[in-house]
Amino acid sequence: MAFQVAHGVECARSRGSGGHAVDRGVGGSAFVGRSSLRQASRMEALHGHQKQLLRPKRAALARTTVMAYDYDLAIVGAGVGGHGAALHARAKGLKVAIFEARDVGGTCVNRGCVPSKALLAAAGRVREMKNEHHLKSLGITLGEVGYDRAGVANHANGLAERVKGNMTNSLKALGIEVIHARASVEAPHTLKGSDGKTYTATDIILAPGSEPFVPRGIEIDGKTVFTSDGALKLEWVPDWVAIIGSGYIGLEFSDVYTALGSNVTFIEAMPSLMPGFDPEIQRLAQRLLINPRAIDYHTNVFATKVTPGVPGVRPVMIELTDASTKQVVDTLEVDACMVATGRYPFTQDLGLEKLGVELNRGFVPVDERMRVLDAKGNVVENMYCIGDANGKMMLAHAASAQGISAVENITGTEHALDHETVPAACFTHPEVAFVGLNEADAKARAEKQGFELGKSTGHFRANSKALAEGEGDGIAKVLYNKSSGKILGVHIIGLHAADLVQECANAIARGTTVKELAFCVHTHPTLSEVIDEAVKSAAGVGAGH
């Protein structure tokens, strides 16, 4: 029976057994690799019917050939997804190799989630200390507040290096072989490394990740026109920076740049900013994160041509084209331009065409169990793909959960990850987070399935802890099935929203109803009572503090 798991609620991992491989049958083959002493002891203890019952599920498959491979599992890419899969595979006793041509930790650790949070942490403190009105309300006065750009950049880069080192050490400590090469598919069970060597494995997980997408017409010079990779280096703080794209990445960097003193102009192809947000959260985010800050914006336009400049000498030139009429409508001159138009899968030259697989806009097609599908929709045996490369949900923790799911399937436990239980967050000040369906999708599902949609809201302005912090702006909106009480989605904007959403993600993953959650005791006074208020109101149970 398939079961579901959400990132953050998986079981604690344990070490695998001595670096030896698990004895398991795959597609008519038996892999020899488990400790012979352990295997002999096990076989000695099993007799008759007990032996049949206790034999591993996959070992019960017919074995017509004995085939020895180099590894039980080979993983292409040591980002967060590949790393999570490797650790879980070792906990299952598999012999594992992981390929990484660049940096262990991938985009998230080296050029994404981790260093960006370090920049946001530093910039957030600068913003808070410059907010005289807020500090005065708490009885605090400060003199002039400044920052050291190089020091802030070193904090981000140093954190990335530290986390990368920790991840590398965790792989080596568990006996996982780290191969510093790019690998591509050569044949079933076979990978060709950029080191010229050929490697074989019973199963293969592809986790190559993604790269920043740069639209045509935009010239990247890495100094005045750059992607998030370049922005994270914080080599300078422009007086005026244009950000193409107002999604999570663009919004977070607007938070950093405005806190450090820059003026920001958003260029957004959609009719409104933050198009991925729930509309109600979008409107509140506009009021809290855009309007009070040194930010202006152009919506429903494309940046069709971007020409780099020279700092202090020549501005960056940005040609704006109307998304509807396709006519050039304006030209901007700014000090710098950051391109935050999303990411594309890093799947070039992966070699999947040799197995009859056709990429979909670069993404690798997979089923709900992360198994790769060929051009006819058939499962490619022993081949899995996780993370950004499959396009299901381009988040680091989703990649990790998919990796764990793939390993479960590899080791004989049928498993499907429910992506509606995977939360997402934007680490602005205040934060934005959500899990599950937005309100429009929830309404559509209610109409299709014939149930009444419920909506309940908790307010930060009614929360004692938020008021104590002087951070009363924000809401938590809970969408649920009125008949069953099943939670369909939760959307939060406010102080520590990214932490608060995890309770809601766990509730959706475990099928906890609004009434059941309303009877869970929340510590007073804490921000968690914002959620408590919303679910109590939905369930008709008392009232939050």
Asker: So does Gly387 get a backbone contact from the side chain of Gln402, meaning a donor-acceptor N/O pair under 3.5 Å?
Answerer: yes
Asker: So does Lys354 have more than 12 non-hydrogen atoms from other groups sitting under 6.0 Å from NZ?
Answerer: yes
Asker: Could you tell me the separation between the OH atom of Tyr71 and the CD atom of Glu177, rounded to the nearest 0.5 Å?
Answerer: 3.0 Å
Asker: Applying ring pair (Phe, Tyr, Trp, His ring centres under 6.0 Å), which residue pairs with at least one partner in residues 233-256 are found, sequence neighbours left out?
Answerer: Tyr248-Phe277
Asker: Other residues, nucleotides and ligands only: do more than 12 of their heavy atoms fall within 6.0 Å of CG on Asp349?
Answerer: no
Asker: Verify, without hydrogens or angle tests, whether Ser246 (side chain) and Leu273 (backbone) share a donor-acceptor contact under 3.5 angstrom.
Answerer: no
Asker: Please report the interatomic distance CG(Asp239) to OG(Ser262), rounded to the nearest 0.5 Å.
Answerer: 7.0 Å
Asker: Atom CD1 of Ile179 and atom CD1 of Ile75: how far apart are they, to the nearest 0.5 Å?
Answerer: 11.0 Å
Asker: When you compare the side chains of Arg127 and Thr258, does any donor N or O come within less than 3.5 Å of an acceptor on the partner?
Answerer: yes
Asker: Decide if atom CE of Met317 counts as having more than 12 heavy atoms of other residues, nucleotides or ligands within a radius under 6.0 Å.
Answerer: yes
Asker: Between CZ of Arg343 and CE of Met394, what distance do you get to the nearest 0.5 Å?
Answerer: 7.0 Å
Asker: When you check the side-chain N and O atoms of Thr200 and His189, is any donor under 3.5 Å from an acceptor?
Answerer: no
Asker: If I take atom OG1 from residue Thr331 and atom CG from residue Leu320, how far apart are they, to the nearest 0.5 angstrom?
Answerer: 7.0 Å
Asker: Using the test side-chain hydrogen bond (donor to acceptor under 3.5 Å, both in side chains), find all partners of Thr307 that sit at least two apart in sequence or belong to another chain.
Answerer: none
Asker: I'd like to know if the side chain of Arg111 reaches the main chain of Leu232, judged simply by a donor and an acceptor atom lying under 3.5 Å from each other, with no hydrogens or angles considered.
Answerer: no
Asker: Does Arg102 pair with Glu211 as a salt bridge, N-O distance under 4.0 Å?
Answerer: yes
Asker: To the nearest 0.5 Å, how far apart are CG in Leu355 and CE in Met383?
Answerer: 5.0 Å
Asker: Is a side-chain donor-acceptor pair under 3.5 Å present for Thr299 with Glu268?
Answerer: no
Asker: Test your reading of the model: is there a side-chain donor-acceptor pair from Asp278 to the backbone of Glu439, 3.5 Å cut-off?
Answerer: yes
Asker: Hey, is CZ on Arg125 packed in by over 12 heavy atoms from elsewhere, all under 6.0 Å?
Answerer: no
Asker: Look at the side chain of Thr190 and the backbone N and O of Pro188, then say whether any donor-acceptor pair between them is shorter than 3.5 Å.
Answerer: yes
Asker: For atom NZ of Lys326, decide whether the heavy atoms of other residues, nucleotides or ligands shown that lie under 6.0 angstrom number more than 12.
Answerer: yes
Asker: Go through the steps to decide whether Lys92 and Glu408 satisfy the test salt bridge (charged side-chain N to carboxylate O under 4.0 Å, His left out), and finish with yes or no.
Answerer: CA-CA 9 Å; Lys92 291 284 190 175; Glu408 286 293 305; 3.2 Å; yes
Asker: Do Arg287 and Asp473 have side chains that approach each other closer than 4.5 Å (heavy atoms only, starting at C-beta)?
Answerer: yes
Asker: Sort out for me which residue in Val490, Ile492, Val422, Leu488 forms a side-chain contact (heavy atoms from CB on, under 4.5 Å) with Val435.
Answerer: Val490
Asker: Take atom CD of Gln348 as the centre, draw a 6.0 Å sphere, and report whether it contains more than 12 heavy atoms from other residues, nucleotides or ligands.
Answerer: yes
Asker: Under 4.0 Å between a Lys/Arg side-chain N and an Asp/Glu carboxylate O for Glu161 and Lys164?
Answerer: yes
Asker: Just by distance, do the side chain of Thr107 and the backbone of Gly112 share a donor-acceptor pair under 3.5 Å?
Answerer: no
Asker: In this structure, are over 12 heavy atoms from other groups packed under 6.0 Å from Tyr297 atom OH?
Answerer: no
Asker: Donor-acceptor pair, distance only, cut-off 3.5 Å: does the side chain of Glu333 make one with the backbone of Pro315?
Answerer: no
Asker: Between Glu252 and Lys117, does any NZ, NE, NH1 or NH2 come within less than 4.0 Å of an OD or OE carboxylate oxygen?
Answerer: yes
Asker: With distance as the sole test, does Asp103 use its side chain to make a donor-acceptor pair with the main-chain N or O of Gly105 at under 3.5 Å?
Answerer: no
Asker: Sequence neighbours left out, what passes salt bridge (Lys or Arg N to Asp or Glu O under 4.0 Å) with Asp441? Give chain and number order.
Answerer: none
